[in-house]
A.B. asks: 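Dumping the structure here so I can ask a few things about it.
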Number of protein chains: 4
Amino acid sequence: MTHPNNRNPPSTTAGAPRGRPAGDHTAKRVELLRAATSVIAENGYANASLRAVAQKAGCTTGAVTYYFASRQELVIAVAEHHFDSFDAMLADVRDQTDIRTLVERWLSHTTDDPEFWPVMSQLLVHARYAPTLARVIERRYTHFRTVYTELLATGQEQGTVRDDIPADLLADQLAAMGDGWMIMAPFEPARFSPSRIRALVEAALTLITPPPCPAHGPQP
Amino acid sequence: MTHPNNRNPPSTTAGAPRGRPAGDHTAKRVELLRAATSVIAENGYANASLRAVAQKAGCTTGAVTYYFASRQELVIAVAEHHFDSFDAMLADVRDQTDIRTLVERWLSHTTDDPEFWPVMSQLLVHARYAPTLARVIERRYTHFRTVYTELLATGQEQGTVRDDIPADLLADQLAAMGDGWMIMAPFEPARFSPSRIRALVEAALTLITPPPCPAHGPQP
Amino acid sequence: MTHPNNRNPPSTTAGAPRGRPAGDHTAKRVELLRAATSVIAENGYANASLRAVAQKAGCTTGAVTYYFASRQELVIAVAEHHFDSFDAMLADVRDQTDIRTLVERWLSHTTDDPEFWPVMSQLLVHARYAPTLARVIERRYTHFRTVYTELLATGQEQGTVRDDIPADLLADQLAAMGDGWMIMAPFEPARFSPSRIRALVEAALTLITPPPCPAHGPQP
Amino acid sequence: MTHPNNRNPPSTTAGAPRGRPAGDHTAKRVELLRAATSVIAENGYANASLRAVAQKAGCTTGAVTYYFASRQELVIAVAEHHFDSFDAMLADVRDQTDIRTLVERWLSHTTDDPEFWPVMSQLLVHARYAPTLARVIERRYTHFRTVYTELLATGQEQGTVRDDIPADLLADQLAAMGDGWMIMAPFEPARFSPSRIRALVEAALTLITPPPCPAHGPQP
DNA sequence: CATGAATGAGAGTTCATTCAT
DNA sequence: AATGAATGAACTCTCATTCAT
């Protein structure tokens, strides 16, 4: 409660200052998270040292370890931070009950924040060897797939999504496609021009569309 | 007693004998590649130190750098090695002109070699910051997608694959799905039980199958 | 007992305390430069490892690399440091317009700081393969020869220095003699006893003195 | 006596083959010495690894250690080798009793063998920390200065060399000048153009020439 | 004779972390 | 609240040397 708008106070011993606004503390944390994001995106997880983060943020390494008890905590905070913004997008879309809208928003989200994919792929792959991070990702990712599954199920009921494949499998397939592209895109830019990405996304939507033939008509 | 005529055994407890063993250069290289594979799979790319590889292989770090001039070279050799075995599988399948067979073999390949996915995902994600490795992966990966695309195109001609989406997009989608699963599988084992993997793969095949309705029949 | 509140003293026997001491950055740098000087003088450039410098300074190698980003930077700083003290001497002498005074001061400088010659000869010879260091030496050395040349030219005007050889050549010859002795002195101490050094220097001064003429008539 | 033309069989245990010509062995040794010379000249003593020498000679490191028991022995052999060729020049000049001829030959020797100076300066400076090498250099160098001193003394008797400075001091001064130039030349090529070197050498000869007296008394 | 596999020590360097200030 | 000096362990890589073949 001392950090009212800090959603995940990891485990820092230092309580926030009593009488002063916690804004400074949180703001600085976010600033460092942004710096860390940039460094991970530019240099990769393995080369994202605290030094580099501090330098990017224009402060000392001491400052970084002051705000984040350890490198692990920083990395986890970066993950949470990005999932937060992703979830905000999801909450927005959820009501509209339209899988196409979700896909579009997902696409524009990754375009708006060009560091999203690079950072996520780094964290995703590293998570295998960082159980704490893995649990965070699993939890957040599960939420994402839940929304996805819900929308697909709704679409199936409404006849806008093919219903010969269970919604959860469809969700996994679409999510996996996204992850796969996210991994490959960075070093095969030619294959992932904006227009081709669009074509891939359209084709993905085509894949899940019910076939346009009378025999397979929508349920009444 | 292992080295009766070694005049100055500095302070090692045991230590392998010094001189020239009857080794086979290639065999030893492969042995080290296997060790490196295991270490990367178990500890991740960032923690795959030459020391760790040497320890896994039961030799000194000096021996590793004797066979591989640098860590980068070792990593690239690991990638090539795995692509080699993957390509062998591809060559086998290519003649059979059957997308289902390819998918099956791809699946069993990743099952037979449980380190394939973990290692590949590590290298894939690291490649973004290792241009030389990136070029290797791009080259080999392109070959893989080419075969995939060919088989899908053939399937489209034969009417076993839906033809409302260009074969190259389909190939990219299937490949991306595989990559996406590869990334997520390691730390969500529950979601990727053998039976669910099977369901996912079957669903993927369903996605690319022509809809079973007269209007969309195969061309005469 | 030196670190009562150090929670995890890994396995060191003593170890300095961790936190921030009241150190003066510049002072510590100079201390390390002195240590480096000693190590280079005693063991030679090739054997002057950061570890050895750290040990001489009574700290860890980490501390050395904290103050000097790299070995190269340390070596260059050592060179600059010695040239600084040399230049201070030069500035002192410059006004006095007397070549003999310069030579005397140069000699006493090398005597006062017995590490000057050994270190300089090491750096001089190594500089051939270290372009950055070479540029530093060239710059500082040029200054030295400029002063030398000025004083000689003045001496020529005043008739205290022979004028049948251009001042810049004389400067090069005297400087080269000094360098040559500097190289040989360390391992032929017998040839470079204080008294013989004095004789060599006096002879050098005689070489550049204008001939006293008639008494020294040509051969019949 | 088994190697009649090998002047310095260092300390190898292997006696030369009984019945076969030792030429092969000696020839290979010389080849390696040449390679070592090049490497030292190009990369400096500190970077002259056996690997580099072997590579330059087009053989394996094993071959190098086969012909030279250790790195130290190789280095010493290189020094001896160069002094041998230098001594051959000296022997040639010695009879001619002319200091100018010696200086000329010394100059052309260093020009003919452009690796002579670079190698010698490296070995000279390293010798301070390699007693065995130091002893070799001292011995050979003493011989050189002896010849120099002899020629200068003869010149003094003949009136071609100034006699107000003992011949041994003059020899030391000239030798030191040569060493000094040798050190500086490599990284100040502008100061050591062929024409300027000539001017320096001529000026050095002028320094030791008896003054032509009356004509040279400008001061009133 | 000569090779080249392998060692083991040590190099420079990077880094997360600690903590007196 | 924030710094930055310093640690100590890890890293990759180089090297002289040894010795079975």
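What you are looking at is a predicted structure, and each value in this text was computed from that prediction instead of being measured.
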A.B. asks: Testing the basics here: between Arg29(C) and Ala77(C), what is the closest heavy-atom pair and its distance to 0.1 Å?
C.D. replies: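 Arg29(C) and Ala77(C) have their closest heavy atoms at NH2-CB, 4.0 Å.
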A.B. asks: With salt bridge (Lys or Arg N to Asp or Glu O under 4.0 Å) as the rule and sequence neighbours excluded, what pairs involving residues 43-53 of chain C come up?
C.D. replies: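 Those involving residues 43-53 of chain C do not exist here.
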A.B. asks: Suppose we screen for side-chain hydrogen bond (donor to acceptor under 3.5 Å, both in side chains). Which residues come up paired with His81(C), at least two apart in sequence or across chains?
C.D. replies: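 With sequence neighbours excluded, His81(C) shows a side-chain hydrogen bond (donor to acceptor under 3.5 Å, both in side chains) to no residue whatsoever.
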A.B. asks: Mind calculating the distance between CG (Asp24(C)) and P (dT21(E)) to the nearest angstrom?
C.D. replies: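 Distance, rounded to whole Å: 15 Å.
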A.B. asks: Starting at NZ of Lys28(C) and ending at C1' of dA6(F), how long is that distance when rounded to a whole Å?
C.D. replies: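 Those two atoms, NZ and C1', are 8 Å apart.
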A.B. asks: List in chain and number order the residues that pass salt bridge (Lys or Arg N to Asp or Glu O under 4.0 Å) with Lys56(D), two or more places apart in sequence or in another chain; answer none if no residue qualifies.
C.D. replies: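 Result, salt bridge (Lys or Arg N to Asp or Glu O under 4.0 Å) vs Lys56(D): Glu42(D).
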A.B. asks: How many whole angstroms separate atom CZ of Arg71(C) from atom P of dT12(F)?
C.D. replies: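 From Arg71(C) CZ to dT12(F) P: 22 Å.
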A.B. asks: Nearest whole Å is fine: how far is dC15(E) C1' from Gln72(A) CD?
C.D. replies: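 That distance rounds to 16 Å.
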A.B. asks: Need to verify one output field. Residue with the more 5' nearest nucleotide on DNA chain E, Ala69(C) or Thr61(B)?
C.D. replies: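 So the residue in question is Thr61(B).
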A.B. asks: When the nearest nucleotide of DNA chain E is assigned to Ala46(A) and to Val64(B) on a heavy-atom basis, which residue is associated with the more 5' position?
C.D. replies: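 It is Val64(B), whose closest nucleotide lies nearer the 5' terminus.
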A.B. asks: Could you spell out the base pairing of DNA chain E in dot-bracket, with Watson-Crick or G-U pairs whose two distances are under 3.5 Å, [ ] crossing and | to another strand?
C.D. replies: .||||||||||||||||||||
A.B. asks: Return the nearest nucleotide to the side chain of Thr65(A); candidates are dT18(E), dT13(E), dC13(F).
C.D. replies: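 Selected nucleotide (nearest to the side chain): dT18(E).
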A.B. asks: In whole Å, what is the span from the CG atom of Asn47(B) to the C1' atom of dC15(E)?
C.D. replies: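 Value for this atom pair: 13 Å.
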A.B. asks: Looking at Glu31(C), I want to see if its CD is surrounded by more than 12 non-hydrogen atoms of other residues, nucleotides or ligands under 6.0 Å.
C.D. replies: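 Enclosed: over 12 neighbouring heavy atoms sit under 6.0 Å from CD of Glu31(C).
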A.B. asks: Can you check the Glu73(C) CD to dT13(E) C1' distance for me, whole Å?
C.D. replies: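 Between C1' of dT13(E) and CD of Glu73(C): 13 Å.
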A.B. asks: Pairs of donor and acceptor atoms involving the side chains of residues 123-136 of chain A, under 3.5 Å and at least two apart or interchain, shall be tabulated with distances.
C.D. replies:
from, atom 1, to, atom 2, distance (Å)
His126(A), NE2, Tyr45(A), OH, 2.7
Arg128(A), NH1, Ala41(B), O, 2.9
Tyr129(A), OH, Ile40(B), O, 3.2
Tyr129(A), OH, Ala41(B), O, 2.7

A.B. asks: If the cut-off is 4.0 Å, is Tyr66(A) near the phosphate of dG4(F), judged by side-chain N/O to OP1 or OP2?
C.D. replies: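 So the side-chain polar atoms of Tyr66(A) never come under 4.0 Å of the phosphate oxygens OP1 or OP2 of dG4(F).
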A.B. asks: Rounded to the nearest angstrom, tell me the gap between atom CZ in Phe68(B) and atom C1' in dT14(F).
C.D. replies: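 Taking CZ of Phe68(B) and C1' of dT14(F), I get 18 Å after rounding.
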A.B. asks: Test your reading of the model: is there a side-chain donor-acceptor pair from Glu73(A) to the backbone of Ala69(A), 3.5 Å cut-off?
C.D. replies: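 Such a contact is found between Glu73(A) side chain and Ala69(A) backbone.
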A.B. asks: Contact list please: residues 49-60 of chain D against DNA chain F, heavy atoms, distance less than 4.0 Å, in numerical order.
C.D. replies: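 Those residues are Ser49(D), Leu50(D), Arg51(D).
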A.B. asks: How many Å lie between NE2 on His25(C) and P on dG4(F), as a whole number?
C.D. replies: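 Whole-Å distance recorded here is 11 Å.
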A.B. asks: If only atom types and distance count, is the side chain of Arg71(C) paired as donor or acceptor with the main-chain N or O of Ala48(C) below 3.5 Å?
C.D. replies: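 Looks like yes, one N/O pair under 3.5 Å.
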A.B. asks: Measure the CZ-CG distance between Phe68(B) and Leu50(B) for me, rounded to the nearest 0.5 Å.
C.D. replies: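 Nearest 0.5 Å value for the CZ-CG distance: 10.5 Å.
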